[in-house]
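Scroll down for the structure; my scribbles are underneath it.
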Amino acid sequence: TIPLSSGGTASITAAQVNNSSTDNCAVTSLSVSPTNFTCSNVGGNTVTLTVGDAAGNTATCNATVTVQDVTLPNPICQGVTIQLNAGGTASITPAQINNGSNDVCGIATTTLNNSNFTCANLGNNPVILTVTDVNGNIAACSATVTVQDPIAPVAVCQPATISLSSLGQASLTAAAVNNGSSDNCAVTGMTLSQTQFNCSHTGSNTVMLTVNDASGHTSTCNAVVTVLETIAPTAICKNVTVQLDAAGTASLTASQVNNSSADNCGVASLSVSPNTFGCANLGTNSVVLTVTDNNGNTSSCSAVATVQDNINPTAVCQNISVTLVGGTVSINAAQIDNGSSDNCAISG
């Protein structure tokens, strides 16, 4: 049995094959054929030993020379960088890692301990290339596979509606605007360009959703956020007293009845009904104060408007002449009255 050299060759001598050949006189020569072997001879090979004596007589016998390849292959690795696809996967072949591995008798196979990668493998990953030669000798080398994700996430938005609180404030989360944003690996974070809203934002507002993945890629989309103010104002009334004027009329303003009515986003207008009075309304009258906020919400409260007439009538007299009859005469007020008047009416 002989091993091949690192060059893939081996040779034998007749002495290695001879196993005490003899002659009645003496053995004078030994030769063997063939004597040289290469990778093609790995395994059993039949050789012929020829034995000669001094008289020129020869004899032969056959032997088996087993040629072995004991030299390991020379594995040579190189690192590679691969990109994940839209499905978040990538694969490599041994040929991508192999960088000229060689063997004196030839390489039969090259295999990798890991050829498939996912989002969980982002970054550097060690792999082992195993090289097997045609005679079953095995050697290995290591390389680094760098997995990259070049695909940005897909940002998908949806409109959102929020209502202001009693303090005139509202907040919004990115999740409320997100409508199934995705990434070939995973969405690692979402942020909004605006999350806090107040009375000044009532109506439609455009916000931007930014979506991030683990590789630092971002994408954005816009959404319309409708801010509602649905809280009615707080109407607070107070009772009032008004005086009829000389014409017998009086008017009332909403501010006279208002007693610090308020709204979370501000009061736009006040109105009161009824707001005019005459002599027929002397005494107590029920009035309603309506409060309207800046977003059209209304509420009301009731108050009592007491109408008073504090103007005295105007008495106008005239002189008259009367004739005594039997020494007496009678007159009435109407004879003396010369157009007395009152802003309401003279009752007597």
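For reference, positions follow the sequence shown, starting with 1. Just so it is clear, the structure is predicted and the values come from calculations on it, not from any experiment.
Using a distance-only test at 3.5 Å, with no hydrogens or angles considered, a donor-acceptor pair links the side chain of N264 to the main chain of S165. Side chain of S5 to backbone of T9: a donor-acceptor contact under 3.5 angstrom is found. Not one N or O on the side chain of S215 forms a donor-acceptor pair closer than 3.5 Å with the backbone of H217. Remark: side-chain polar atoms of N338 are not paired, donor with acceptor, to backbone N or O of V316 under 3.5 angstrom. Between the side chain of Q318 and the backbone N or O of Q335, at least one donor-acceptor pair lies under 3.5 Å.
To the nearest 0.5 Å, atoms OG1 (T292) and CG (N297) are separated by 9.0 Å. With rounding to the nearest 0.5 Å, the separation of OG1 in T202 from CG in N294 is 8.5 Å. Rounded to the nearest 0.5 Å, atoms OG1 (T58) and CG (L49) are 11.0 Å apart. For the atom pair T173 OG1 and I162 CD1, the distance stands at 9.5 Å (nearest 0.5 Å). One distance of note links CG of N41 with CG of N36; it measures 9.5 Å at 0.5 Å rounding. How far CG of N57 is from OG1 of T28: 9.5 Å, rounded to the nearest 0.5 Å.
Here the closest heavy-atom approach between residue Q78 and residue Q96 is recorded as NE2-O, 3.0 Å. Scanning all heavy atoms of the two residues, the minimum distance from N137 to T71 falls at ND2-O, 3.5 Å. Residue L282 comes nearest to C344 through the heavy atom pair CD1-SG, 4.5 Å, listed as atom of the first residue, atom of the second, then distance. In this structure, V288 and S302 approach most closely via the heavy-atom pair CG2-OG, 4.1 Å. The shortest heavy-atom contact between F197 and V227 is CD2-CG2, 3.9 Å. S286 and P274 get closest at one heavy-atom pair: O-CD, 3.7 Å.
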Exercise for the section: Test T220 against T218 for side-chain contact (heavy atoms from CB on, under 4.5 Å), laying out the working first. Expected result: CA-CA 7 Å; T220 61; T218 63; 5.6 Å; no

Using side-chain hydrogen bond (donor to acceptor under 3.5 Å, both in side chains), reason through N62 and T46 one step at a time and then give a plain yes or no. CA-CA 7 Å; N62 290 332; T46 300; over 6 Å; no

- Message: side-chain hydrogen bond (donor to acceptor under 3.5 Å, both in side chains) for S255 and N258? Distances and angles first, verdict last.
- Response: CA-CA 5 Å; S255 60; N258 181 42; over 6 Å; no

| request: Carefully, step by step, assess D133 and C105 under the rule side-chain contact (heavy atoms from CB on, under 4.5 Å). | output: CA-CA 7 Å; D133 69 15; C105 288; 5.7 Å; no

- request: List the steps, then state whether side-chain contact (heavy atoms from CB on, under 4.5 Å) holds for L122 with F117.
  value: CA-CA 8 Å; L122 285 172; F117 302 88; over 6 Å; no

Should N74 and D103 be marked as a side-chain hydrogen bond (donor to acceptor under 3.5 Å, both in side chains) after you check the CA-CA gap, both sets of side-chain angles, and the distance that decides it? CA-CA 6 Å; N74 178 31; D103 185 79; over 6 Å; no

message: Determine whether L4 and Q68 satisfy the following criterion, side-chain contact (heavy atoms from CB on, under 4.5 Å), listing intermediate values before the conclusion.
response: CA-CA 6 Å; L4 291 174; Q68 294 179 336; over 6 Å; no

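Within the 4.5 Å cutoff, the side chain of I107 has no heavy atoms near those of the T132 side chain. For the pair T118/N116, no side-chain contact is recorded, criterion being any heavy-atom separation below 4.5 Å from C-beta on. Under the 4.5 Å side-chain criterion, counting only non-hydrogen atoms from C-beta, I336 is in contact with I331. Under the 4.5 Å side-chain criterion, counting only non-hydrogen atoms from C-beta, I138 is in contact with T130. Residues T195 and S171 form no side-chain contact, since every pair of their non-hydrogen atoms from C-beta on lies 4.5 Å or further apart. No side-chain heavy atom of D337 sits less than 4.5 Å from a side-chain heavy atom of C317. Q196 is not listed as a side-chain neighbour of H201, based on a closest heavy-atom distance of 4.5 Å or more.
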Could you pull out every donor-acceptor pair under 3.5 Å between side chains of residues 186-193 and any protein atom, sequence neighbours left out?
{"from": "T188", "atom 1": "OG1", "to": "N212", "atom 2": "O", "distance (Å)": "3.3"}
{"from": "T188", "atom 1": "OG1", "to": "D213", "atom 2": "O", "distance (Å)": "3.3"}
{"from": "S193", "atom 1": "OG", "to": "M208", "atom 2": "N", "distance (Å)": "2.8"}

Donor-acceptor list for residues 237-246 side chains, cut-off 3.5 Å, not counting sequence neighbours:
{"from": "N239", "atom 1": "OD1", "to": "V304", "atom 2": "N", "distance (Å)": "2.8"}
{"from": "Q243", "atom 1": "OE1", "to": "N310", "atom 2": "ND2", "distance (Å)": "2.2"}
{"from": "Q243", "atom 1": "NE2", "to": "Q308", "atom 2": "OE1", "distance (Å)": "2.7"}
{"from": "D245", "atom 1": "OD1", "to": "A247", "atom 2": "N", "distance (Å)": "2.9"}
{"from": "D245", "atom 1": "OD1", "to": "G248", "atom 2": "N", "distance (Å)": "3.0"}
{"from": "D245", "atom 1": "OD1", "to": "T249", "atom 2": "N", "distance (Å)": "2.9"}
{"from": "D245", "atom 1": "OD1", "to": "T249", "atom 2": "OG1", "distance (Å)": "3.1"}
{"from": "D245", "atom 1": "OD2", "to": "T249", "atom 2": "OG1", "distance (Å)": "3.1"}

Per-pair distances, 0.1 Å, donor-acceptor, side chain in residues 145-160, under 3.5 Å, sequence neighbours excluded:
{"from": "T146", "atom 1": "OG1", "to": "N124", "atom 2": "OD1", "distance (Å)": "2.8"}
{"from": "Q148", "atom 1": "OE1", "to": "Q83", "atom 2": "NE2", "distance (Å)": "2.7"}
{"from": "D149", "atom 1": "OD1", "to": "I151", "atom 2": "N", "distance (Å)": "3.1"}
{"from": "D149", "atom 1": "OD1", "to": "N184", "atom 2": "ND2", "distance (Å)": "2.9"}
{"from": "Q158", "atom 1": "NE2", "to": "A176", "atom 2": "O", "distance (Å)": "3.2"}
{"from": "Q158", "atom 1": "NE2", "to": "N178", "atom 2": "O", "distance (Å)": "3.1"}

Just distance, no hydrogens or angles: give the donor-acceptor pairs under 3.5 Å from side chains in residues 10-18, sequence neighbours left out.
{"from": "T13", "atom 1": "OG1", "to": "Q16", "atom 2": "N", "distance (Å)": "3.4"}
{"from": "T13", "atom 1": "OG1", "to": "Q16", "atom 2": "OE1", "distance (Å)": "3.4"}
{"from": "Q16", "atom 1": "OE1", "to": "T13", "atom 2": "N", "distance (Å)": "2.8"}
{"from": "N18", "atom 1": "OD1", "to": "S21", "atom 2": "N", "distance (Å)": "2.9"}
{"from": "N18", "atom 1": "OD1", "to": "S21", "atom 2": "OG", "distance (Å)": "2.5"}

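Legend: residues meeting side chain to side chain donor-acceptor pair (under 3.5 Å) with S40, ordered by chain and number and at least two apart, are T38.
Under the side chain to side chain donor-acceptor pair (under 3.5 Å) rule, N343 has a single partner from T314, D309, N312, which is D309.
Note: the hydrophobic cluster containing V272 does not contain I236 (ILVMFWY, side chain heavy atoms under 4.5 Å, direct or indirect links). Linking ILVMFWY residues whenever their side-chain heavy atoms come closer than 4.5 Å, directly or via other members, places L324 and V322 in the same cluster. Tracing side-chain contacts under 4.5 Å through hydrophobic residues (I, L, V, M, F, W, Y), one never reaches I76 starting from V104; they form parts of separate clusters. A single hydrophobic cluster is seen to contain both L270 and V257, as judged by linkage of ILVMFWY side chains at heavy-atom distances under 4.5 Å, directly or through other members. Taking hydrophobic clusters as Ile, Leu, Val, Met, Phe, Trp and Tyr residues chained together by side-chain heavy-atom distances below 4.5 Å, V127 shares a cluster with L129.
Inspection of the S101 and N98 side chains reveals an N or O donor paired with an N or O acceptor under 3.5 Å. Side-chain contact, N114 with N125: no donor N or O sits under 3.5 Å from an acceptor N or O. T111 and T109 are not linked by any side-chain donor-acceptor pair at a separation below 3.5 angstrom, with hydrogens and angles left out of the test.
Residue pairs that meet the disulfide (SG to SG under 2.5 Å) test with at least one member in residues 172-209, sequence neighbours left out, are C119-C185, C199-C265.
Heavy atoms of other residues, nucleotides or ligands lying less than 6.0 angstrom from CG of N19 number 12 at most.
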